[in-house]
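Each remark here refers to the structure printed beneath this line.
Computation of the quantities below employed the complete heavy-atom set of this structure, encompassing side-chain atoms and omitting hydrogens, waters and symmetry-equivalent molecules. Fair warning: this is a prediction, and the values are worked out from it, not measured in the lab.
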Amino acid sequence: MGIDRQSPGGITDYHNYRKKLRHLYVCTECAKGFDREKPVAKCIFCQGDIKELERDDIPSAKPLYRYICAACDKIFIAEHADTCVSCGGRFLHFYEVTKLSTREILSMRKRQLKERIKSIKKNIKKRKNK
């Protein structure tokens, strides 16, 4: 049984070809990415709006951190935190999270939803007061 792999020479040829394609785009409507030698204004797949990325700017997820409050022992997950979400304590231990449980994801989404609802309520109150 043979192994189905591309030869190293084929990979080198592909990288030399990609060097010609200086523009990297991502469509904001269909989320497809594509390279082009010359600049384009619309998506080649759906004619939607596009965003040009730099070659080093590859879309990736932001790292999440698990924070542990020394004051109240609250454990929570966030992209960035200066204070504890429970007691407001400023002394937090943290480390990067690579795997999240379903319970942790739901807890994080619940907190984000509550914050979003609070900001919407504030905006409604501001509009009524004007």
Review point. For R66, which residues count as a salt bridge (charged side-chain N to carboxylate O under 4.0 Å, His left out) partner, sequence neighbours excluded?
Key: E104
Exercise for review: Could you pull out the closest heavy-atom pair between H23 and K38, with the gap in Å?
Suggested key: CD2-C, 3.8 Å
Check your understanding: Is it true that atom CZ of R90 has more than 12 heavy atoms of other residues, nucleotides or ligands lying nearer than 6.0 Å?
Key -> no
Check your understanding: V26 and L24: same hydrophobic cluster, using ILVMFWY side-chain contacts below 4.5 Å?
Key -> yes
Practice item. Supply the atom-to-atom distance L113 CG to I117 CD1, rounded to the nearest 0.5 angstrom. Key: 4.0 Å
Review point. Got a sec, which hydrophobics cluster with Y95, joining ILVMFWY side chains under 4.5 Å apart, including via others?
Key: I68, I75
Practice item. Report the residues that fulfil ring-ring contact (aromatic ring centres under 6.0 Å, His included) with F94, sequence neighbours left out, ordered by chain and then residue number. Key: Y65, Y67
Point to revise | side-chain contact (heavy atoms from CB on, under 4.5 Å) involving E29 - partner list, sequence neighbours excluded | key: C27, C46, D49
Check your understanding: Any chain of hydrophobic side-chain contacts (each under 4.5 Å) joining L21 to F34?
Key -> no
Point to revise | Shortest non-hydrogen contact between Y25 and R36, atoms and distance | key: CE1-CB, 4.1 Å
Practice item. Can you measure from SG (C43) to NZ (K51) and round to the nearest 0.5 angstrom? Key: 15.0 Å
Check your understanding: Are any non-hydrogen side-chain atoms of E79 and L64 less than 4.5 angstrom apart?
Key -> yes
**Study point:** Distance, nearest 0.5 Å, that separates CZ of R103 from NZ of K110
**Key:** 10.0 Å
**Study point:** Residues in side-chain contact (heavy atoms from CB on, under 4.5 Å) contact with K74, at least two apart in sequence or another chain
**Key:** C69, C72, F76, C84, V85, S86
Point to revise | Test side-chain contact (heavy atoms from CB on, under 4.5 Å) applied to L106 - qualifying residues, sequence neighbours left out | key: T102
Practice item. Give, for atom CG of L92 and atom CG of D82, the distance between the pair rounded to the nearest 0.5 Å. Key: 8.0 Å
**Study point:** Hphob cluster co-occupancy, F45 + V40, side-chain heavy atoms under 4.5 angstrom
**Key:** yes
